[in-house]
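Have a look at the structure below, then the notes.
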There are 2 protein chains.
Amino acid sequence: MAAAAQIGDDVLAAAEAVEHLALRGGKRMRAALIAAAYASCQKGASSHVDDDNTRWAGALLAMVAIELLQVYLLIHDDWMDDDEVRRGGPAVHVVLRNRLGTKRLGDVAAILAGDLACGYAQAALLETTLPAEHVLRAARAFAQIQQDVVKGQIAEMHSARRSCTPSTSPCTSVDATALPSVETIHSLKTASYTVTGPLVVGALLAGANDARVAELERFGRPLGIAFQLRDDLLGVFGNPALTGKPIWNDLRQGKRTALVDELRDDAAAQIELARVLGNANAQHGEIEALVHTMEASGARARVEARLQELLGEARRALGAMSFSWGTGDMARAWLSGATFALGERST
Amino acid sequence: MAAAAQIGDDVLAAAEAVEHLALRGGKRMRAALIAAAYASCQKGASSHVDDDNTRWAGALLAMVAIELLQVYLLIHDDWMDDDEVRRGGPAVHVVLRNRLGTKRLGDVAAILAGDLACGYAQAALLETTLPAEHVLRAARAFAQIQQDVVKGQIAEMHSARRSCTPSTSPCTSVDATALPSVETIHSLKTASYTVTGPLVVGALLAGANDARVAELERFGRPLGIAFQLRDDLLGVFGNPALTGKPIWNDLRQGKRTALVDELRDDAAAQIELARVLGNANAQHGEIEALVHTMEASGARARVEARLQELLGEARRALGAMSFSWGTGDMARAWLSGATFALGERST
């Protein structure tokens, strides 16, 4: 912040926009997963509760880094989706538009503020004072996360575009031909970025071997998809006061969520979808009717059932993991807590 | 590319847009500087010409990385500046707009393509197979470059904004109050990003100590500012066929270049500047008159003189460096070649 201020007010304003969004809420899930994996993979057991509570400290800068990566992606994402609210406050492009007076300048400044957050994220991770080989392997995993999440966003953006007519007019049909599947997008955007990636980063910082990384991936992948299914459910059935995001945005933006996918063989629902999906001006009543159909047709229940199936898969993978170096109970508690927090959350 | 294709056509299109821009020309200056610094800082002399020619091979992935970082920045930059041409072909937001049919989708896809290039850049650097400690230190320097260049872009964007009236109307005056100086912006955007940063990355990959890094910074900083002054000169007096960029864009976009700064005490020139600077629709004749004034008033000559002074400073810093491990002549030749290439270029 001091370095930014030295250059001038405008760079400081960008740095502050990054800081405010980073500190204004957020669930810190990804950071928590880095901490959990790092703590659970550390060699040498400890019988002191105090030690257990600070076992994650070596991973602190990586936890900061993943939160800054998230801020970078949120800033660009909110601009792309025209979302004006984030974490219960104005999105960064809105803050900067208000500061600078025009939409165009606000947009440009927001993209740059996102780029700045990305630079901060890299720097934070690389400052970690653990063995260089561990940090380097973790940084490689971090770079892979970054690629995966951007690819997932590209796939998602095009998926929304293809299932809708251009610009703001509503979708006429949900044509899934030649599109990556919803689970492929989820796997890139969320399984990698939100769950597997942070787990692997944490494990590598602790010097985990390839076998342990593979075990964490088997645990993290179903958990990540479950997390995204919960996101899809909360986007339609959640409480905006808890999620900090406007309700029904996914529908208005034409996102191809699991709920939408579940209605693909329901002709009546397709007519309702056509009115709402990707239509920024959809009427409240039209959306309510669609949401009712999602409930009444069993789509919601089927997504919830699939979610629970995936959580079960994650729990079995966790059960199959051996923690040979005596940290077993603590490690299992951390990771099992993560399973619950990601799958059953309401925010 | 194969990984991108697996996900779908749209991700492949983004990856291809990155690849095409990366391979379509570019001067590869930054990559060459990494190679020069790496080769000149390697321990152990070699008397074989063959060895000398491949001394830079260990730095290859870092060279790829800095070119990809450049592609990332160019993609975002061209979108910000509404530049439609880059490296003699269409800018990425133009390519993607044509593919996707609307300006908005092209803009969004271009920002994502830039973000993807950024991810590729990190990954490339971190795959370097040199001692982990060296790679890690180089990666930290790389993250610093990334922050500096973005801060420089933010400062530059605001600098152009404040010296002009909003939107596309021309500037009414060049008010430099409360702005970072042109040399501060140059120092961040170019001295760090284009010269000092790559030199330091190359040196750290070779395991250079802090003293050698400081020497390279003393050499690189004046060279970097000289490079940017050459850029300012080429933007007004260059040959678009050689630079690959449209002429006079800097003026139309209201960039506060060294040439513009040189006219600050010239009342008549201020009137001409007011007509042209930041005015996308400035008439050819008006621009020609301003360019003539830049020549006739001695502004061009003064910028050229300052440039030569900086090159002299860089050469003296190079002369003061000792190459104790017997690679002296070769190292000096690489770095002295860089001085000439950056300062005296016409492209």
Side-chain angles (χ1 to χ4, degrees), chain A residues 3-4 7-11 13-15 72-73 76 79-80 100-102 104-105 108-109 111-116 118-120 122-123 125-127 131-133 135-137 139-140 142-155 157-159 161 166-167 178-180 184-185 188, chain B residues 3-4 7-11 13-15 72-73 76 79-80 100-102 104-105 108-109 111-116 118-120 122-123 125-127 131-133 135-137 139-140 142-155 157-159 161 166-167 178-180 184-185 188:
Chain A
I7 303 165
D9 286 355
D10 298 309
V11 178
Y72 149 61
L73 293 163
H76 284 191
W79 167 76
M80 283 170 205
L100 299 173
T102 74
R104 173 75 187 162
L105 286 171
V108 168
I111 295 302
L112 285 169
D115 290 340
L116 186 60
C118 178
Y120 286 154
Q122 311 298 337
L125 179 69
L126 295 165
E127 291 301 330
E133 185 60 47
V135 179
L136 194 56
R137 289 180 74 206
R140 285 189 197 124
F142 197 83
Q144 187 60 52
I145 296 175
Q146 193 176 336
Q147 287 176 54
D148 284 346
V149 65
V150 173
K151 286 179 191 166
Q153 282 185 300
I154 294 172
M157 165 208 158
H158 288 284
S159 181
R161 171 181 70 89
S167 84
L179 286 178
T184 299
I185 296 174
L188 287 165
Chain B
I7 303 165
D9 286 353
D10 298 308
V11 178
Y72 149 61
L73 294 163
H76 284 190
W79 167 77
M80 284 171 203
L100 300 173
T102 75
R104 175 73 188 161
L105 286 171
V108 168
I111 295 301
L112 285 168
D115 290 341
L116 186 60
C118 178
Y120 286 152
Q122 311 298 336
L125 179 69
L126 296 164
E127 292 301 332
E133 185 60 46
V135 179
L136 193 56
R137 290 181 74 206
R140 285 189 196 125
F142 197 83
Q144 188 60 51
I145 296 175
Q146 193 176 336
Q147 288 177 54
D148 284 345
V149 66
V150 173
K151 286 178 190 168
Q153 281 185 301
I154 295 172
M157 164 207 158
H158 288 286
S159 183
R161 170 179 71 90
S167 82
L179 287 179
T184 300
I185 296 173
L188 287 164

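None of the values given here were measured: they were computed from a predicted structure. Per chain, numbering begins at 1; letters A, B, ... match sequence-line order.
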Quiz prompt | Closest non-hydrogen atom pair, A:M157 against B:L105 | solution = CE-O, 3.6 Å
Practice problem: Let me know if B:F142 has heavy atoms under 4.5 Å from chain A in its side chain, its backbone, both or neither. | Solution: neither
Quiz item: Non-hydrogen atoms of chain B under 4.5 Å away: do they reach the side chain of A:R140, the backbone, both or neither?
Solution: both
Quiz item: For A:A139, is it the side chain, the backbone, both or neither that has a heavy atom under 4.5 Å from a heavy atom of chain B?
Solution: both
Exercise. Write down the atom of A:G119, the atom of B:Q147, and the distance for their closest heavy-atom approach.
Key: O-NE2, 3.6 Å
Self-check item: When B:G114, B:A132, B:G152 are compared by non-hydrogen pairs under 4.5 Å with chain A, the top option
Solution: B:A132
Quiz prompt | Toward chain B, the part of A:Q146 with a non-hydrogen atom under 4.5 Å | solution = side chain
Quiz item: What do the steps show when you test A:L112 against B:H76 for side chain to side chain contact (heavy atoms under 4.5 Å, CB included), and what is the final call?
Solution: CA-CA 8 Å; A:L112 285 169; B:H76 284 190; over 6 Å; no
Quiz item: What are the two closest non-hydrogen atoms of A:W79 and B:R104, and how far apart are they?
Solution: O-NH2, 2.8 Å
Quiz prompt | Proximity breakdown for B:A123 and chain A, heavy-atom pairs closer than 4.5 Å | solution = both
Practice problem: Let me see the working for B:V11 and A:V150 under side chain to side chain contact (heavy atoms under 4.5 Å, CB included), right down to the final yes or no. | Solution: CA-CA 9 Å; B:V11 178; A:V150 173; over 6 Å; no
Quiz item: If you count heavy-atom pairs under 4.5 Å with chain B, which of A:L125, A:D148, A:L116 comes out on top?
Solution: A:L116
Exercise. Examine whether an atom of A:Q144 lies under 4.5 Å from a heavy atom of chain B, and if so say whether it belongs to the side chain, the backbone or both; otherwise answer neither.
Key: neither
Exercise. May I ask you to name which of B:I154, B:L136, B:V149, B:D115 has the most heavy-atom pairs under 4.5 Å with chain A?
Key: B:D115
Exercise. Name the option with the most non-hydrogen atom pairs under 4.5 Å to chain B; the candidates are A:I145, A:V135, A:L126.
Key: A:L126
